**Student:** 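I'd like to ask some things about the structure below.
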There are 2 protein chains.
Amino acid sequence: MAYVTIRDVAQRSGTSVSTVSRALNNRGRISRETKALVEKTAHELGYIPDSRAQAMRSTRTRLVGLLVPDIRNPYFADLAYAIQDTLFDAGYCTSIGTSSEDSVKQDAYIMNMLSQHIDGAIIVPRGGKSKALKALVDISVPMVFVDRHVNDMPEVPVVDSDPSEGLLKALTDLHSRGFRKVGYISGPILDSPTLQEREYAFRSAGRALFGEDNLFVESTSFGHVSCLSVIRKMRGSGVNAFIFGYSQDAVQAISALGYQGLAIGKDISLISFDDLEMFRLMTPNISVISQQVHVIGSLGAQLFLDIVERGRKAGSQRVETVYIPRGSVGEAR
Amino acid sequence: MAYVTIRDVAQRSGTSVSTVSRALNNRGRISRETKALVEKTAHELGYIPDSRAQAMRSTRTRLVGLLVPDIRNPYFADLAYAIQDTLFDAGYCTSIGTSSEDSVKQDAYIMNMLSQHIDGAIIVPRGGKSKALKALVDISVPMVFVDRHVNDMPEVPVVDSDPSEGLLKALTDLHSRGFRKVGYISGPILDSPTLQEREYAFRSAGRALFGEDNLFVESTSFGHVSCLSVIRKMRGSGVNAFIFGYSQDAVQAISALGYQGLAIGKDISLISFDDLEMFRLMTPNISVISQQVHVIGSLGAQLFLDIVERGRKAGSQRVETVYIPRGSVGEAR
DNA sequence: CTGAAAGCGCTTACAG
DNA sequence: CTGAAAGCGCTTACAG
């Protein structure tokens, strides 16, 4: 562990510490030759500036903390990727942490980030206004929430997804193909405002197009309600088109239906939320309502940069969902 | 942005900066009451130690850089999760970076990490011995490679996966169920030593059990070779049991076979590498050869901790794959 | 048991 | 255009 310091560079190039600093940062007046000499020496010695020391002087670390519930969830992985990508291009280093949907871990991670004097935080929050979240606001660390919001913290801008547009397009497609009844499997809705909002949006748009009586909605919140039995029941009522609010339910249903000899896109039509890679790999390709997670991520990062670099406190934004029709939706018969 | 410093705590508690430091770090002799007073004051003021300043004195940052090719790949997401989890419990903060399978980005990220004076790095390397990788070794930053190795860097310990055990068990299962021919779809093998090793291990174990002539191997390296056509061809030769070296091919095959009305686990038996969550959701559940990514991750982290905390330079280790039989394998007929 | 002082590696006014 | 000095927030010998 032998780091080269600015002092080493100064000695070797026969200049002073301050001259080296200026040469390397293009700040202040400096002669062409000195600059060239210093740069050459720094390179030869393999000098890497110590960003901690830099940060201590400038109160800028160019480090942002990103906190997601679980990086193993493809949705959050995509989100993290998009955010990190945008921030990297803006010269920021992103430190990704995982809260495991656990408020205690979330807070531990935030305190850790705070002790590194991050320039800001992008957070998919869980639970309410916790101690660490409050600390962030108290120290007035630039902050953006993504995908979810916290009830008592209206001062923090939020970028999340608006399900209505995608659902409307999906329902319109089903209707135009002759379906007159639609089933909606809303997933484990209990603890998830996101899933709740999707169900609500489904009901609103569905009512107008199909009429209240032709909407069949069921959640899989409770362990004993299997997504398959729900589908069977609905099919008994003449439902042949389904929308899944929760993509895991869709994955489960698709293979089970195939196994039962039902052809997707012919015997049964279905659409799922979330444009997962596997949906594009399957036969037939699965129609989806995409949250455009990449847009959410880069927009969240943009909002953050607006606050940090331009001191502009942007308002919350919603990203429209988009319906992507593919082979899993056929004609009604 | 108003951070409370150690000086604030000293003033408020009527002590000195050094006393506060000692009280909070349990170092040196200190009276019970002073310690209690300082702790109380620190808490009241919401003091968060500046870890950059701490690090500058102690030459330890408790920060480790983790570099994976793409966090959106479920395998790497699992790996990152396991590593971060282990390191977190040991008191380290993990900064996850993404190289996008791009040597330039990889190097940029490493230099960035280096400038934060990380205590070490855990890396899924791509390509050969790059400049930044060399810099890490030069500064003798503790380092471990995971999942892959770099040819010219034998000094860096590697934790990766050994495909043979799992393959042997999988093949034995197929044989005991009466299958006498096996197909192996090896995936886009061209640039992947991992996939190459799997195919090689399949051939070795398969030869002993089934005989050279009953092994059918095909890669999907080239865009125009579809995994489905390969399966069709092999079935024409009387093959009804398949092993997939590359899980994406399996996902694709499973839904396509279901769509064609073939029942998995009855008409056709299959096993895939990688214990993906979706394989456990499908009907029937898909038998897999698990890399035990969680074990690889925590072992990698352990190896790293051995180096950093105990100065013990551990050797490379291989993690056995494990065969997990499930419903997608039936009896031959 | 406690405080004043030095120093980690940098940047930034301030002289010259 | 260049160098000496102060100071960012902390820890750690060193006196007392």
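Just so you know, these numbers come straight off a predicted model, no measurement behind them.
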**Student:** Pairs counted as Watson-Crick or G-U wobble with both distances under 3.5 Å: what dot-bracket string results for DNA chain D, using | for bases tied to another strand?
**Tutor:** |||.||||||||.|||
**Student:** To the nearest Å, give me how far apart CD (B/Gln11) and C1' (C/dG3) are.
**Tutor:** 14 Å
**Student:** If you measure only the distance, is there a donor-acceptor pair under 3.5 Å linking the side chains of B/Arg126 and B/Ser103?
**Tutor:** yes
**Student:** Could you check how far CZ of A/Arg52 sits from C1' of C/dG7, rounded to whole Å?
**Tutor:** 14 Å
**Student:** So, B/Ser51 side chain and A/Ser115 main chain: donor-acceptor pair closer than 3.5 Å or not?
**Tutor:** yes
**Student:** So, A/Ser21 versus A/Ser18: side-chain donor-acceptor pair below 3.5 Å or not?
**Tutor:** no
**Student:** Roughly, in whole Å, what's the span from CG in B/Leu24 to P in D/dT11?
**Tutor:** 8 Å
**Student:** Return no unless some side-chain N or O of B/Thr5 is found under 4.0 Å from OP1 or OP2 of D/dC8.
**Tutor:** no
**Student:** Round to the nearest Å and state the distance from A/Met56 atom CE to D/dA6 atom P.
**Tutor:** 17 Å
**Student:** Return the orientation label for the A/His117 and B/Tyr3 ring planes: parallel under 30°, perpendicular over 60°, tilted otherwise.
**Tutor:** parallel
**Student:** Which pairs with one or both residues in residues 142-155 of chain A pass salt bridge (Lys or Arg N to Asp or Glu O under 4.0 Å), sequence neighbours excluded?
**Tutor:** A/Glu101-A/Arg148
**Student:** For the pair made of CD1 in A/Ile6 and P in C/dC8, what is the distance, rounded to whole Å?
**Tutor:** 14 Å
**Student:** What is the distance, to the nearest angstrom, from the CG atom on A/Asp50 to the C1' atom on D/dC10?
**Tutor:** 14 Å
**Student:** Any salt bridge (Lys or Arg N to Asp or Glu O under 4.0 Å) involving residues 73-100 of chain A? Give me the pairs, sequence neighbours left out, ordered by first then second residue.
**Tutor:** A/Asp85-B/Lys105
**Student:** Taking only nitrogen or oxygen atoms into account, show me every contact under 3.5 Å that the protein makes with nucleotides 12-15 of chain C, one pair per line with its distance.
**Tutor:**
residue : atom : partner : partner atom : Å
C/dT12  : OP2  : A/Arg27 : NE           : 3.1

**Student:** Does a salt bridge link B/Asp119 with B/Arg62, judged by any charged N lying under 4.0 Å from a carboxylate O?
**Tutor:** no
**Student:** Heavy-atom nearest nucleotide on DNA chain C for B/Lys35 versus B/Ala53: which residue maps closer to 5'?
**Tutor:** B/Lys35
**Student:** Once you round it to whole Å, what is the distance between C1' of D/dC10 and CG of B/Asp8?
**Tutor:** 13 Å
**Student:** Please table the atom pairs, donor to acceptor, closer than 3.5 Å between any side-chain atom in residues 128-135 of chain A and protein atoms at least two apart or in another chain.
**Tutor:**
residue  : atom : partner  : partner atom : Å
A/Ser130 : OG   : A/Asp107 : OD1          : 2.8
A/Ser130 : OG   : A/Asp107 : OD2          : 3.4
A/Ser130 : OG   : A/Leu133 : N            : 3.4

**Student:** I want to verify a distance call: between D/dC1, D/dG3, C/dT2, whose nearest atom is closest to the A/Thr15 side chain?
**Tutor:** D/dG3
**Student:** Whether B/Tyr47 contacts D/dC10 is assessed here as follows: a side-chain N or O lying under 4.0 Å from the phosphate OP1 or OP2. Is that the case?
**Tutor:** yes
**Student:** Could you check whether B/Thr34 gets within reach of a base, just the sugar-phosphate, or nothing at all, counting any heavy atom under 4.0 Å?
**Tutor:** sugar-phosphate
**Student:** Any pair with a residue in residues 24-43 of chain B that passes salt bridge (Lys or Arg N to Asp or Glu O under 4.0 Å), sequence neighbours left out, goes on the list, sorted by first then second residue, please.
**Tutor:** B/Lys35-B/Glu39, B/Lys40-B/Glu44
**Student:** Does B/Gln54 make a side-chain N or O approach to OP1 or OP2 of D/dC10 shorter than 4.0 Å?
**Tutor:** no
**Student:** Quickly work out the B/Leu114 CG to C/dG9 P distance and round it to whole Å.
**Tutor:** 15 Å
